[in-house]
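Worksheet for the structure shown next.
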Amino acid sequence: MKPALFEYSAPQTVAEAIALLAADPGAMVLAGGQSLVPAMNLRLASPSRLVDIQHIPGLSGISVAGGEIIVRALTTHRELELSGEAHRANPVIREAMAHVAHIPIRNRGTVVGSLCHADAAAEMPMVLVLTGGSVVAEGPQGTRTIGAEDFFQFHMTTSRESHELVVEARFPVLPAGAGAAFDEFTRRHGDYAIAAVGAIVRLGRDGAADKVAVATCGVGSRPMRLPAVEARLIGTRLAAEDLAAAGEIAKDAVTAPDDINATTSYRQRVVATLVRRVVEKAAHRAGQGR
Amino acid sequence: MPRARPGTSVPSVSSDPRARVSITINGELVEREVSIRMLLSDFLRHELRLTGTHVGCEHGVCGACTVLIDGKAGRSCLTLAVQASGHEVRTIESLAAEDGTLHPIQAAFQDCHALQCGYCTPGMIMNIVGMFESGEPLDLSDEGIRLALSGNLCRCTGYQNIVAAVRKAAESLPAG
């Protein structure tokens with residue numbers, strides 16, 4: 001019996017869940033529990049009440065509509081990873097998902113739960129930022145859509161209000177003609193990233209990149225796009241010197257303090273290398289797609 | 001430093017909020033009233049005395065507590081007993097036949113000497129059972145097997161023989 005005392009509710013509707021959250025600011029939402037329960041076992045988290053949303057109908061499933069992959073709140077990592085429809089719409093999701101912990105964790109952990117947990121080194125929050133996605137939150141005053149850049153505020157901190165339930169995440173489909181790639185560096189497979197980088201690249205007719213998105217996680221207090229890196233690459237042919245220069249610029253994004261795995265200068269070198277490799281791979285895939 | 005004497009009774013249910021759970025464990029419906037903060041791993045071991053499920057790190061890293069929840073491998077230490085209510089759980093105790101005949105994966109572990117202390121073995125085997133029964137294609141290369149086992153830590157064997165056992169078990173089981 002590791003967790004501290006808490007109350008438990010298993011609502012049957014979204015409205016009921018929101019009412020429970022609104023009545024108790026110390027309440028937390030329980031979906032898969034793969035981040036929350038370990039935090040409770042270590043007593044890093046001591047919610048006054050758990051609102052277990054597993055019995056609420058309509059919160060499951062994946063659909064692709066309106067240019068977005070819509071992932072409902074109870075969808076597990078593994079379901080999204082194995083979804084052929086989601087993979088065809090944006091292959092970077094499956095590529096990143098292979099790095100999310102291990103299959104037994106992905107079997108139970110939910111995508112939306114990971115987004116709401118918002119670990120600064122977690123892969124799925126970064127993919128949401130990379131793709132320019134959003135989450136949909138329902139609260140007592142209604143529903144609002146929050147863009148990824150506004151949603152992730154800090155390590156384990158989002159702009160979700162305590163009385164809101166995030167009912168779905170929306171990952172945009174890969175733009176036509178674009179290529180995407182994801183890679184990360186860890187000591188052991190399945191660990192949180194020491195640094196991870198994702199990229200989406202589209203090439204113009206002249207072979208120069210006319211659209212570049214680059215995002216990273218594990219190196220700062222939240223997942224983030226790297227606008228200076230993107231600006232350096234747009235309009236270039238992504239030659240070796242362009243990629244190397246972009247990697248150097250990416251070093252500025254590293255703010256994570258030294259930890260047991262890496263020093264700041266080590267992380268900078270890792271992120272610079274990953275930017276080079278991942279942008280190159282995304283560009284190669286964009287080229288193949290033409 | 002005084003130690004707990006063997007046989008000292010340790011209450012498995014404290015006075016904190018409780019809930020009634022009904023979980024199908026190894027094919028049998030079990031109903032109990034438990035503390036809502038009781039982990040499934042503790043429920044299996046303390047309430048049901050199914051001590052084949054081992055508890056290592058209790059935060060999801062080591063994989064020793066892996067069981068099948070609705071047929072899929074999951075960490076029993078990262079699941080509350082109340083969360084598992086209404087679901088189906090299978091543990092290592094479900095694998096061998098009544099007469100003691102080992103499941104093919106257990107037999108392969110024995111044949112390949114894939115265990116030394118055995119602490120990680122139940123979690124390893126339940127993870128592999130989940131993988132075999134998922135119907136998803138298996139990658140039986142060394143790398144593929146190691147990837148599948150990456151969520152289960154073993155401190156004795158160096159994994160060589162575990163990889164061999166998984167391959168042997170896969171070959172002995174009917175395809176699909």
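Keep in mind it's a predicted model, so treat the numbers as computed, not measured. Just so it is clear: chains get the letters A, B, ... in the order the sequence lines come, proteins before strands, and each one is counted from 1.
For the pair B:Met38 and A:Lys2, the minimum side-chain heavy-atom distance is 4.5 Å or more. Annotation: side chain of A:Arg108 is not in contact with side chain of B:Arg75 (no heavy-atom distance under 4.5 Å).
Annotation: the span from A:Asn41 atom CG to B:Ser41 atom OG amounts to 7.5 Å, rounded to 0.5 Å. Note that the CD1 atom of A:Ile103 and the CE atom of B:Met131 stand 7.5 Å from one another [nearest 0.5 Å]. With rounding to the nearest 0.5 angstrom, the CG atom of B:Leu147 is 9.5 Å from the NE2 atom of A:His102. The NZ atom of B:Lys72 sits 5.5 Å away from atom CD of A:Glu79, with the distance rounded to the nearest 0.5 Å.
Formation of a donor-acceptor pair under 3.5 Å by the A:Asp52 side chain with backbone atoms of B:Gln83 is not found in this model.
Within a 6.0 Å radius of CD in A:Glu85, other residues, nucleotides and ligands contribute more than 12 heavy atoms. Summarising the local packing, CZ of A:Arg49 is surrounded by more than 12 heavy atoms from other residues, nucleotides or ligands at distances under 6.0 Å. For CD of A:Gln12, the number of neighbouring non-hydrogen atoms (other residues, nucleotides, ligands) closer than 6.0 Å is greater than 12. Surrounding CD of A:Glu16 are more than 12 heavy atoms belonging to other residues, nucleotides or ligands, all under 6.0 Å away. Atom CD of B:Glu143 is surrounded by 12 or fewer heavy atoms from other residues, nucleotides or ligands within 6.0 Å.
Only the backbone of A:Ala4 comes within less than 4.5 Å of a heavy atom of chain B; no side-chain atom from C-beta onward does. Looking at A:Leu36, neither its backbone nor its side chain comes within 4.5 Å of chain B, counting heavy atoms on both sides. At a 4.5 Å heavy-atom cutoff, the contact between A:Glu7 and chain B is made by backbone and side-chain atoms alike.
The candidate from A:Met40, A:Arg188, A:His55, A:Arg78 with the greatest count of non-hydrogen atom pairs under 4.5 Å with chain B is A:Arg78.
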(request) Please assess A:Asn107 against B:Ile69 for the test side chain to side chain contact (heavy atoms under 4.5 Å, CB included), listing each intermediate value before the final yes or no. (result) CA-CA 9 Å; A:Asn107 278 341; B:Ile69 304 171; over 6 Å; no
(message) Let's go through A:Val37 and B:His59 carefully: what are the C-alpha distance in whole Å and the side-chain angles of both, what is the deciding distance for side chain to side chain contact (heavy atoms under 4.5 Å, CB included) to 0.1 Å, and is it a yes or a no?
(response) CA-CA 8 Å; A:Val37 177; B:His59 61 281; over 6 Å; no
(request) For the pair B:Val82 and A:Leu50, evaluate side chain to side chain contact (heavy atoms under 4.5 Å, CB included) and give the outcome as yes or no after the intermediate values. (result) CA-CA 11 Å; B:Val82 286; A:Leu50 285 186; over 6 Å; no
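When all heavy atoms of A:His189 and B:Ser150 are compared, the closest pair comes out as CD2-OG, 3.6 Å. Taking both residues in full, the closest heavy atoms of A:Ile105 and B:Gly60 are given as CD1-O, 3.8 Å, listed atom of the first, atom of the second, then distance. Closest approach of A:Phe6 and B:Leu80 over heavy atoms only: CZ-CD1, 4.0 Å.
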